[in-house]
Amino acid sequence: MKATLPYFWIVAALVMVQILMGVITAHYGVEGSGFYGIPLDRWIPYSLARTWHTQLGIFWIATSWLATGLFIAPAVSGYEPPLQRAGVLFLLVCLVIIVGGSLAGQAVAVQQGLSLEANFWFGHQGLEYVDLGRFWQWFLFVGLFLWLALMLRALLPALRKPGEQRNLLFLFVLSSFAIALFYGAGLMYGRQTNYAMIEYWRWWVVHLWVEGFFEVFATVVIAFLFTRLGLLRTTTATATVLFSTIIFLSGGIIGTFHHLYFTGTSMAVMALGAVFSALEVVPLVLIGFEGYENLTLSRSKPWVREYRWPIYFFVAVAFWNLVGAGLFGFFINPPIALYYMQGLNTTPVHGHTALFGVYGLLGMALTLFCLRGMTLGQRWNDRLLSFAFWWINVGLALMVLLSLLPLGLLQTWASVEHGMWYARSAEFMQSDLMNRLRWLRVVGDTIFAVGCLAFGWFVVTRRPNLPQQAGLSGD
């Protein structure tokens, strides 16, 4: 369990690098090819900065989730199998190789240093969320099953024990298996496959892997941790998880089709996809708000106060799931909205508030939960965590409300009045008003970045004194 600590240090480092890439990408929208006069595009072109910004987000979020699974498994069962530490560290080395190798391959590919075939295998596929080369995809796919095996061997004693939490454990295992398996959808096409088929399978990864089974995993993990902390009844948690799984499995596949606008999908199918996709936010929101209500009733228990910051981050996940994934997601998903708004700044509104607001904050919450388990008895710097929590959330809100959303709405108006070509043209995008709105991102981005820096500093300064139960017994 202590061997998972370097995972969280890597999470903190990747968060900061991702923010740096985001700053560079956003600034290119104002200055074009430079960064405050520095010709940075010679070394980090816009396409590379944007790729790294997106890819790093997936990497650090996935790393925090993998580490949480490895930490929770022996904490729940009370059993650490032989050579478990060696397996955890071996998987860490594999993840570092995958992250470093894929990012380096993308840099060489963007600078046109690879042949077409080598680019497909080791460079940049040019497909958002599955940008990394096919070799790195296979490497990650195998690594996910190694992660699954490490968790299962530690969880087996707990799975054999009867009890009402056994059902939640089985759901946890099933969601973990789905995360490992469904990433394989990104391997279902080749270098010369028809683009419509490539997009179909790519959106299986984006919607069913990231937005589908990650959501199931998130719901199960939060429900499980809340029951262990006594903030949620086991029967309520199990019913909610089953309800969410039914929605994801019955509606998730249909919900995928709202992404297939440019592959000839009919309007009726896209409309069904938009409706079913919007339903997926319900279960996680319900769990978050019930957990918060129970937290307000349980503050008299001293051990609950030890976990208040992880719980606050969990509640923030529920809020952004409702706003970012639900409100802003459904805002751009119906067919008529897609016709006018696809590819405008309304898309990053949904992307930032859903990917970071839900999965990113969940990764931070899980990180804090595991660190709390490693450091029970230590006095945490609550002032620093409070600063990080509010600056991250307020900064994210200002980033959207002051800049991205107004930009997207003005682009939508231009698209309706004149056409998509005009809404994305240099004539419109480089107007004085649009430039002022882009500069306003500095306010929210700066607050957000400082909050993330405070969070990262807190993480890298933790030192474990792991007790036997790791704080999961709820005693």
Side-chain angles (χ1 to χ4, degrees), residues 1-15 17-18 51-52 54-74 80-81 83-106 120-125 127 129-155 172-189 201-202 204-206 208-210 212-214 216-218 220-221 359 362-363 366-367 370:
M1 292 169 66
K2 289 181 180 178
T4 62
L5 184 60
Y7 283 77
F8 300 117
W9 292 343
I10 289 174
V11 165
L14 293 182
V15 169
V17 178
Q18 187 204 9
T51 296
W52 279 356
T54 304
Q55 203 69 52
L56 284 166
I58 296 173
F59 280 145
W60 75 257
I61 291 169
T63 299
S64 66
W65 292 28
L66 299 183
T68 299
L70 295 172
F71 179 86
I72 287 177
E80 190 162 299
L83 301 177
Q84 181 77 355
R85 176 183 174 85
V88 170
L89 293 176
F90 176 74
L91 179 61
L92 177 64
V93 172
C94 292
L95 287 174
V96 170
I97 294 173
I98 292 169
V99 172
S102 63
L103 295 180
Q106 288 160 357
F120 174 77
W121 282 99
F122 301 100
H124 196 315
Q125 291 192 50
L127 302 166
Y129 290 102
V130 284
D131 309 85
L132 65 172
R134 179 55 54 88
F135 172 80
W136 306 113
Q137 278 185 285
W138 274 108
F139 200 164
L140 180 56
F141 188 56
V142 173
L144 288 171
F145 275 95
L146 173 59
W147 165 72
L148 182 64
L150 288 170
M151 282 203 307
L152 284 177
R153 65 198 299 265
L155 278 173
F172 174 71
V173 171
L174 286 174
S175 64
S176 301
F177 180 77
I179 284 179
L181 181 64
F182 272 80
Y183 183 71
L187 304 170
M188 299 298 290
Y189 57 85
W201 288 114
R202 181 177 81 89
W204 269 59
V205 175
V206 176
L208 283 181
W209 187 64
V210 176
F213 288 105
F214 266 39
V216 173
F217 182 83
V220 174
V221 168
Y359 300 114
L362 179 58
L366 295 175
T367 297
C370 295

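Without hydrogens or angle criteria, Q84 side chain to L150 main chain gives a donor-acceptor distance under 3.5 Å. In this structure a side-chain-to-backbone donor-acceptor pair under 3.5 Å is missing from W201 to Y189. A donor-acceptor contact shorter than 3.5 Å is absent between the side chain of Q106 and the backbone of G123.
The heavy-atom pair separating R134 from G186 by the smallest distance is NH2-O, 3.4 Å. Between S64 and V11 the shortest heavy-atom distance is N-CG2, 3.7 Å. A185 and W204 make their closest contact through CB-CB, 3.6 Å (heavy atoms, listed as atom of the first residue, atom of the second, distance). Among all heavy-atom pairs drawn from I58 and Y129, the shortest one is CD1-CD2, 3.0 Å.
Residues L56 and L103 are in side-chain contact: their nearest non-hydrogen atoms beyond the backbone lie under 4.5 Å apart. At a threshold of 4.5 Å between non-hydrogen side-chain atoms, the residues L366 and L362 count as touching. Between L66 and L144, some side-chain heavy-atom pair lies under the 4.5 Å cut-off. Proximity of V88 to Y7: side-chain heavy atoms (C-beta onward) are separated by under 4.5 Å at one or more points. Between W60 and F8 the shortest side-chain heavy-atom distance does not fall below 4.5 Å.
Annotation: L83, atom CG; neighbour count of heavy atoms from other residues, nucleotides and ligands within 6.0 Å does not exceed 12. Atom CH2 of W9 has more than 12 heavy atoms from other residues, nucleotides or ligands within 6.0 Å.
Under the 30°/60° scheme for interplanar angles, the aromatic rings of F122 and W136 are found to stand perpendicular. Ring-plane geometry between F177 and F145 is classed as perpendicular, the angle between the planes exceeding 60 degrees on a 0 to 90 degree scale with a lower cut at 30.
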Sequence neighbours left out, cut at 3.5 Å: what donor-acceptor pairs do the side chains of residues 90-102 make with other protein atoms?
residue: S102; atom: OG; partner: I98; partner atom: O; Å: 2.7
residue: S102; atom: OG; partner: V99; partner atom: O; Å: 3.2

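The CG atom of L140 sits 11.5 Å away from the CG atom of L146 when rounded to the nearest 0.5 Å. How far CD of Q18 is from CH2 of W52: 13.5 Å, rounded to the nearest 0.5 Å. Within the model, atoms OG1 of T4 and CD1 of I72 stand 10.0 Å from one another, a figure rounded to the nearest 0.5 Å. One finds the NZ atom of K2 at 10.0 Å from the CD atom of E80 (value rounded to the nearest 0.5 Å). Once rounded to the nearest 0.5 Å, the distance linking OG1 of T51 with CG of D131 reads 5.0 Å. Between the CH2 atom of W121 and the CH2 atom of W138 there is a distance of 8.0 Å, given to the nearest 0.5 Å.
Residues passing the ring pair (Phe, Tyr, Trp, His ring centres under 6.0 Å) test with F172, sequence neighbours excluded: F217.
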Query raised in the report: Is there a side chain to side chain contact (heavy atoms under 4.5 Å, CB included) between L70 and M151 once you walk through the steps?
Result: CA-CA 6 Å; L70 295 172; M151 282 203 307; 4.2 Å; yes
